[in-house]
Undergrad: 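Handing you this structure, nothing more for now.
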Amino acid sequence: MSRPEHLAPPEIFYNENEARKYTQNSRIMDIQMQMSERAVELLLLPEDEPCFLLDIGCGSGLSGSVLEDQGHFWVGMDISTAMLDIALEREVEGDVLLTDMGQGCPFRAGTFDGAISISALQWLCNADKTTHKPVQRLYKFFSSLYACLSRSARAVFQFYPENSEQMELVTAQAMKAGFYGGVVVDYPNSTKAKKFFLVLMTGGNVPLPKGLGSAEETQGVSYISKREQIKKARGKPLKKSRDWILEKKERRRRQMKDVRADSKYTGRKRSGRF
């Protein structure tokens with residue numbers, strides 16, 4: 001089966017039809033959200049403290065929704081117009097920017113408390129145009145990302161390296177840009193559950209987190225149920241509940257966005273008779 005990055009450049013591959021898949025296919029959405037939750041976990045953010053995060057290759061805003069659910073503010077960047085159109089349709093709370101990550105991160109120094117990226121980094125290893133040189137584009141991206149992160153921040157990339165040489169290319173350019181860190185592999189013995197996370201740190205060399213479990217353990221692992229347990233423990237409302245909806249509306253009001261007035265019907269489940 002061909003890898004997406006071998007079929008077309010990302011701004012072409014992620015057309016309107018492909019973008020719709022990410023909001024209509026429950027399996028794709030579930031996988032994306034699981035990987036996003038794991039990436040946020042690897043950021044090691046302060047508990048119960050909202051942070052300002054960058055979502056690189058934000059697409060239709062699925063990973064941004066995970067950031068919102070955990071009380072964080074975010075800005076997303078993506079090269080696909082169709083993907084960002086879907087994000088705007090979904091009325092995501094983060095601001096989104098149409099840009100090519102290979103041209104760098106266009107933000108002021110020290111802007112973000114952390115960054116995540118889901119299934120995007122491997123696209124930088126391709127030369128889709130004659131002017132594209134993967135080594136230069138990777139270094140431009142990582143050096144500009146390093147600059148726009150605070151000096152205690154982390155960046156976590158879930159990506160699909162094609163081979164060990166590609167993984168070495170990516171990590172070498174990240175270290176050259178000033179980052180510390182390396183690759184964390186979850187479920188290394190499973191062909192389906194195996195996931196690669198590049199964990200980069202700005203504040204010095206710290207031991208990398210351990211990858212999750214073995215192939216035998218993957219059947220019983222649920223990032224979503226784990227997140228709900230954590231929220232219950234911290235007293236946070238469950239997603240889609242009335243309290244969760246009221247909190248989200250209040251955040252949007254603070255951002256000076258138009259929000260419908262609260263009523264006794266807010267968050268009430270439909271009977272399903274219609």
Side-chain angles (χ1 to χ4, degrees), residues 1 3-5 7 10-11 13-43 45 53-98 101 114-124 154-161 183-187 190-199 211-213 218-219 221-228 230-231 238-240 244 248:
M1 182 177 178
R3 293 168 62 98
E5 62 269 25
L7 300 177
E11 64 271 30
F13 179 82
Y14 289 108
N15 54 30
E16 186 174 348
N17 290 335
E18 195 69 24
R20 291 288 173 192
K21 288 183 183 179
Y22 280 79
T23 52
Q24 297 176 351
N25 187 309
S26 58
R27 179 177 175 274
I28 291 177
M29 292 174 64
D30 189 43
I31 292 173
Q32 289 287 107
M33 293 184 71
Q34 289 178 21
M35 294 188 297
S36 300
E37 287 165 354
R38 176 59 171 155
V40 175
E41 181 182 315
L42 291 170
L43 283 180
L45 298 171
L53 305 175
L54 175 62
D55 185 356
I56 303 157
C58 64
S60 58
L62 294 178
S63 46
S65 297
V66 172
L67 302 180
E68 293 168 16
D69 291 348
Q70 299 194 14
H72 302 300
F73 301 95
W74 63 281
V75 170
M77 51 186 286
D78 202 284
I79 197 172
S80 167
T81 303
M83 279 289 204
L84 295 182
D85 286 343
I86 298 292
L88 295 177
E89 282 182 23
R90 296 179 63 240
E91 296 185 342
V92 296
E93 293 189 16
D95 294 320
V96 293
L97 175 68
L98 179 65
M101 59 193 287
I116 67 167
S117 178
I118 307 299
S119 308
L121 186 59
Q122 66 271 7
W123 292 87
L124 280 185
R154 288 187 175 198
V156 177
F157 299 81
Q158 180 279 321
F159 73 120
Y160 296 101
V183 176
V184 173
V185 184
D186 283 354
Y187 309 113
S190 170
T191 54
K192 288 187 177 180
K194 187 176 183 179
K195 293 291 182 295
F196 294 87
F197 293 87
L198 177 62
V199 180
L212 296 180
T218 59
Q219 298 297 324
V221 173
S222 171
Y223 294 108
I224 295 177
S225 62
K226 180 178 179 182
R227 181 183 64 173
E228 301 296 0
I230 293 172
K231 285 187 176 182
L238 296 180
K239 188 173 182 180
K240 304 300 183 183
W244 179 86
K248 183 170 182 177

Undergrad: Any chance you could measure Leu84, atom CG, to Cys58, atom SG, to the nearest 0.5 Å?
TA: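 Reported to 0.5 Å precision, the distance equals 5.0 Å.
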
Undergrad: Can you tell me how far apart OG (Ser26) and CD1 (Ile31) are? Round to the nearest 0.5 Å.
TA: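 Separation between the atoms: 9.5 Å.
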
Undergrad: Under the side chain to side chain contact (heavy atoms under 4.5 Å, CB included) rule, collect the residues that match up with Glu89, sequence neighbours excluded.
TA: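 Result, side chain to side chain contact (heavy atoms under 4.5 Å, CB included) vs Glu89: Arg20, Ile86.
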
Undergrad: Measuring from atom CG of Leu43 to atom CZ of Arg38, what distance do you get when rounded to the nearest 0.5 angstrom?
TA: 11.0 Å

Undergrad: Within the structure provided, determine whether Leu88 and Val96 are in side-chain contact (heavy-atom separation under 4.5 Å).
TA: yes

Undergrad: If I take atom CE from residue Met83 and atom CG from residue Asp85, how far apart are they, to the nearest 0.5 angstrom?
TA: 11.5 Å

Undergrad: Compare all side-chain heavy atoms of Leu45 with those of His72 and state whether any distance is below 4.5 angstrom.
TA: yes

Undergrad: Whether the side chain of Gln158 engages the backbone of Ser119 through a donor-acceptor N/O pair (distance < 3.5 Å, no angle test) should be reported.
TA: yes

Undergrad: Determine whether Leu67 and Ile116 make a side-chain contact, defined as any pair of heavy atoms from C-beta on separated by less than 4.5 Å.
TA: yes

Undergrad: Return the minimal non-hydrogen interatomic distance between Ala155 and Phe157, and the atom names on each side.
TA: CB-CE1, 3.8 Å

Undergrad: Do you know which two heavy atoms are closest between Trp74 and Gly64, and how far apart they sit?
TA: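 For Trp74 and Gly64, the tightest heavy-atom pair comes out as NE1-O, 3.4 Å.
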
Undergrad: Kindly give the heavy-atom pair with the smallest separation between Asn25 and Arg27, and that separation in Å.
TA: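 Where Asn25 meets Arg27 most closely, the heavy atoms are OD1-N, 2.9 Å.
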
Undergrad: How long is the straight-line distance from CD1 of Ile118 back to CD of Glu37, given to the nearest 0.5 Å?
TA: 10.0 Å

Undergrad: For the side chain of Glu93 and the backbone of Glu68, is there at least one donor-acceptor N/O pair under 3.5 Å apart?
TA: no

Undergrad: Measuring from atom CD of Glu41 to atom CZ of Phe197, what distance do you get when rounded to the nearest 0.5 angstrom?
TA: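 Between atom CD of Glu41 and atom CZ of Phe197 there are 9.0 Å.
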
Undergrad: List in chain and number order the residues that pass side-chain hydrogen bond (donor to acceptor under 3.5 Å, both in side chains) with Ser63, two or more places apart in sequence or in another chain; answer none if no residue qualifies.
TA: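 In terms of side-chain hydrogen bond (donor to acceptor under 3.5 Å, both in side chains), with neighbours along the sequence ignored, Ser63 is linked to Asp55.
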
Undergrad: So which heavy atom on Gln32 is nearest to which on Ser36, and how close?
TA: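 Scanning both residues completely, I find the closest heavy atoms to be O-OG, 2.8 Å.
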
Undergrad: Taking all heavy atoms of Lys195 and all of Lys192, pick out the closest pair and write down the distance.
TA: NZ-O, 3.3 Å

Undergrad: Looking at side-chain heavy atoms only, is the closest gap between Leu121 and Met101 below 4.5 Å?
TA: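 The answer is yes; the side chains approach within 4.5 Å.
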
Undergrad: Looking only at non-hydrogen atoms, find the nearest pair between Arg90 and Ser60 and report the distance.
TA: NH1-O, 2.8 Å

